Amino acid sequence: MGSQPGQLIYQTHGRKLMGGWAELPQHLRDYVTRSFPEYQHAPTEWPAGQGNATSWRYFKQLVDSGQYKPSCP
């Protein structure tokens, strides 16, 4: 939100796909394969120095390092 006043509400849900990758809808598999192929398989080990990184902690790392540049007007 940049310098704009306000608040953020974050809500999500998820579920385990018992059939794994094959259970995802085809359009999602196509998108992942094309855009983020590293996410087709679960990692076999933790990336060095990340430990148990939550999505919020990872996002903060991106912001702090300058890798995330907000594009909201």
Side-chain angles (χ1 to χ4, degrees):
M1 292 176 41
S3 62
Q4 300 298 314
Q7 298 177 352
L8 173 69
I9 296 175
Y10 180 82
Q11 180 180 347
T12 187
H13 72 275
R15 67 180 177 95
K16 182 172 184 166
L17 299 177
M18 299 311 287
W21 172 256
E23 196 174 323
L24 278 173
Q26 186 64 48
H27 72 278
L28 290 177
R29 284 185 282 155
D30 291 344
Y31 176 77
V32 170
T33 300
R34 183 176 58 251
S35 304
F36 302 98
E38 65 272 22
Y39 293 122
Q40 292 179 59
H41 308 284
T44 56
E45 59 188 42
W46 288 107
Q50 286 196 8
N52 187 12
T54 66
S55 58
W56 287 107
R57 187 173 296 144
Y58 181 70
F59 179 69
K60 183 175 182 334
Q61 289 173 351
L62 291 177
V63 170
D64 292 347
S65 70
Q67 293 177 307
Y68 174 78
K69 305 235 185 297
S71 60
C72 296

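From a predicted model like this one, the values you see are computed outputs, not experimental measurements. Throughout, residue positions are numbered sequentially from 1 according to the sequence presented.
- Note that the CZ atom of R15 and the CG atom of L17 stand 5.0 Å from one another [nearest 0.5 Å].
- Residues forming a side-chain hydrogen bond (donor to acceptor under 3.5 Å, both in side chains) with E38 (at least two apart in sequence, or on another chain): none.
- Legend: residues meeting side-chain contact (heavy atoms from CB on, under 4.5 Å) with P37, ordered by chain and number and at least two apart, are Q40.
- A tilted orientation is assigned to the rings of F36 and Y39, their planes being inclined by 30° to 60°.
- In this structure, OG1 on T33 lies 8.0 Å from CD on Q26, to the nearest 0.5 angstrom.
- Contact annotation: the side chain of V32 never approaches that of R34 to less than 4.5 Å [non-hydrogen atoms, C-beta and beyond].
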